[in-house]
Amino acid sequence: MNQHTMLTLAIGDLFIPDRSIDLPPKFRKLLAPQPNSTPSNSKINQVICLGNITNSDSTLQFLTNISPQFNLVRGEFDNPTILAQQSTSPNKNNTIPLCNKFVHDNLKIGYTNGYQVVPRGDPLALAAIARDLDVDVLIWGGTHKVEAYTLDGKFFINPGSATGALSFDWPDNDNEEEEQEEEHDKEEEETKKEEGDEKDAEEEKTKEEKTEEKESDPKQVLYDVTEINTNIPSFCLLDTHGSTCILYIYTHIDGEVKVDKVTYTKD
């Protein structure tokens with residue numbers, strides 16, 4: 001079989017102009033078509049946009065011009081009619097799909113915005129989607145948090161938000177967790193008063209059991225942003241060849257672009 005390298009840009013959750021004015025200028029410069037060569041970026045073979053643009057004709061045009069092939073799935077806040085009108089694709093009358101997939105060499109790669117996943121970003125729910133699509137690699141969005149991990153031998157990629165747009169889901173979840181922790185602490189104090197030191201020993205055992213459960217988590221995290229950087233601008237480039245996917249993660253922090261590399265090989 002004749003195998004060749006394919007470079008795919010995965011980008012999404014831009015929310016222009018709703019939550020952000022534009023892509024970071026350094027991202028635009030990196031992704032812009034090369035001057036004096038071709039109408040598109042000669043290095044990038046195709047673009048996968050995970051939606052939530054949400055209403056910027058110029059941004060959609062910019063993404064379309066990056067490569068010869070542009071693929072789009074619908075985000076939760078996208079208006080399919082507006083996207084179809086703004087798109088320069090010949091398939092204007094077609095509806096924007098919720099998910100799609102393609103095959104390159106030995107890798108089957110699927111992609112979706114992920115807003116239909118409940119709970120949001122849940123690894124087991126995403127694993128079910130990957131099985132339904134019959135793919136080795138699943139790219140999803142919706143959480144605005146860039147990450148990459150393997151689960152059940154499959155590779156899961158979230159390119160985050162290309163503009164660093166705020167996600168209103170994460171703060172709500174964090175507050176919920178804090179409230180649960182506060183309630184749990186109060187319950188612990190009451191229990192200690194009632195049952196004394198014996199209960200303390202039992203709680204220590206419970207904590208140890210929870211730690212063991214976390215350590216036995218089948219999800220292998222290959223890349224994850226810290227809590228303080230969950231709303232940083234980011235996108236991903238997938239370099240696929242044969243059974244291997246080399247993932248380049250671009251993040252924009254303090255005015256500088258940082259690149260991290262993660263490698264996945266299908267068994």
Side-chain angles (χ1 to χ4, degrees), residues 6-102 104 109-115 139-142 144 146 157-167 231-240 248-252 255 257 259:
M6 174 182 276
L7 198 61
T8 301
L9 168 65
I11 192 169
D13 292 313
L14 295 95
F15 285 95
I16 299 172
D18 308 63
R19 305 182 197 176
S20 186
I21 298 171
D22 199 355
L23 287 162
K26 289 190 177 180
F27 275 7
R28 272 191 168 267
K29 188 176 179 181
L30 277 170
L31 298 172
Q34 302 300 309
N36 305 321
S37 57
T38 61
S40 60
N41 190 317
S42 57
K43 295 179 181 178
I44 299 174
N45 300 104
Q46 67 169 339
V47 173
I48 288 174
C49 182
L50 302 176
N52 285 338
I53 289 177
T54 49
N55 186 9
S56 173
D57 192 2
S58 60
T59 302
L60 184 59
Q61 189 63 54
F62 174 77
L63 295 175
T64 304
N65 290 343
I66 289 174
S67 75
Q69 189 174 345
F70 178 73
N71 308 282
L72 175 67
V73 287
R74 189 166 76 248
E76 183 177 8
F77 297 93
D78 286 323
N79 183 319
T81 305
I82 291 174
L83 281 180
Q85 288 171 350
Q86 292 177 344
S87 175
T88 56
S89 167
N91 301 319
K92 279 190 176 184
N93 295 326
N94 291 355
T95 56
I96 311 294
L98 283 174
C99 58
N100 213 335
K101 66 179 182 177
F102 66 94
H104 181 246
I109 302 171
Y111 51 98
T112 183
N113 175 265
Y115 72 82
I139 308 167
W140 92 100
H144 303 208
V146 59
I157 302 164
N158 189 327
S161 166
T163 58
L166 288 172
S167 169
N231 288 313
I232 58 173
S234 58
F235 67 83
C236 291
L237 286 175
L238 290 75
D239 187 348
T240 51
Y248 296 95
I249 300 165
Y250 289 75
T251 50
H252 189 274
V257 176
V259 185

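Numbers for residues simply follow the sequence, beginning at 1. Just so it is clear, the model here is predicted, and its values are computed rather than measured.
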Which distance, rounded to the nearest 0.5 Å, do you find between the [atom1] of [X] and the [atom2] of [Y]?
X      : Y      : atom1 : atom2 : result
Leu237 : Tyr248 : CG    : OH    : 9.0 Å
Ser67  : Leu7   : OG    : CG    : 9.5 Å
His252 : Leu30  : NE2   : CG    : 9.5 Å
Ile66  : Asn45  : CD1   : CG    : 13.0 Å
Arg19  : Ser161 : CZ    : OG    : 9.0 Å

Is [Y] close to [X] at the side-chain level, that is, under 4.5 Å between some pair of heavy atoms?
X      : Y      : result
Leu50  : Pro159 : yes
Phe70  : Leu60  : yes
Leu31  : Val47  : no
Pro233 : Thr163 : no
Tyr111 : Ile157 : no
Cys236 : Val146 : yes
Trp140 : Asn113 : no
Leu14  : Asn52  : no

*Where do Ile48 and Ile139 land on the side-chain contact (heavy atoms from CB on, under 4.5 Å) test, with the steps shown first?*
CA-CA 9 Å; Ile48 288 174; Ile139 308 167; 4.3 Å; yes
Main-chain N/O of [Y] paired to [X] side chain as donor or acceptor, under 3.5 Å:
X      : Y      : result
Arg74  : Leu98  : no
His144 : Asp13  : no
Lys26  : Gly255 : yes
Thr251 : Ser234 : no

*Centroid-to-centroid, Tyr250 to Phe27, below 6.0 Å?*
no
_Would you say Gln61 and Asp57 are linked by a side-chain donor-acceptor pair, where the criterion is simply a distance under 3.5 Å?_
no
*asked:* Can a side-chain donor-acceptor contact be found between Gln46 and Thr8 if the only test is distance below 3.5 angstrom?
replied: yes
_Derivation of the side-chain contact (heavy atoms from CB on, under 4.5 Å) call for Phe62 and Leu23_ = CA-CA 10 Å; Phe62 174 77; Leu23 287 162; 3.8 Å; yes
*asked:* side-chain contact (heavy atoms from CB on, under 4.5 Å) for Phe102 and Met6? Distances and angles first, verdict last.
replied: CA-CA 12 Å; Phe102 66 94; Met6 174 182 276; 4.1 Å; yes
*Closest non-hydrogen atom pair between Ile44 and Pro68, with its separation*: O-CD, 3.8 Å
*side-chain contact (heavy atoms from CB on, under 4.5 Å) assessment of Arg28 paired with Asp22*: CA-CA 9 Å; Arg28 272 191 168 267; Asp22 199 355; 3.2 Å; yes
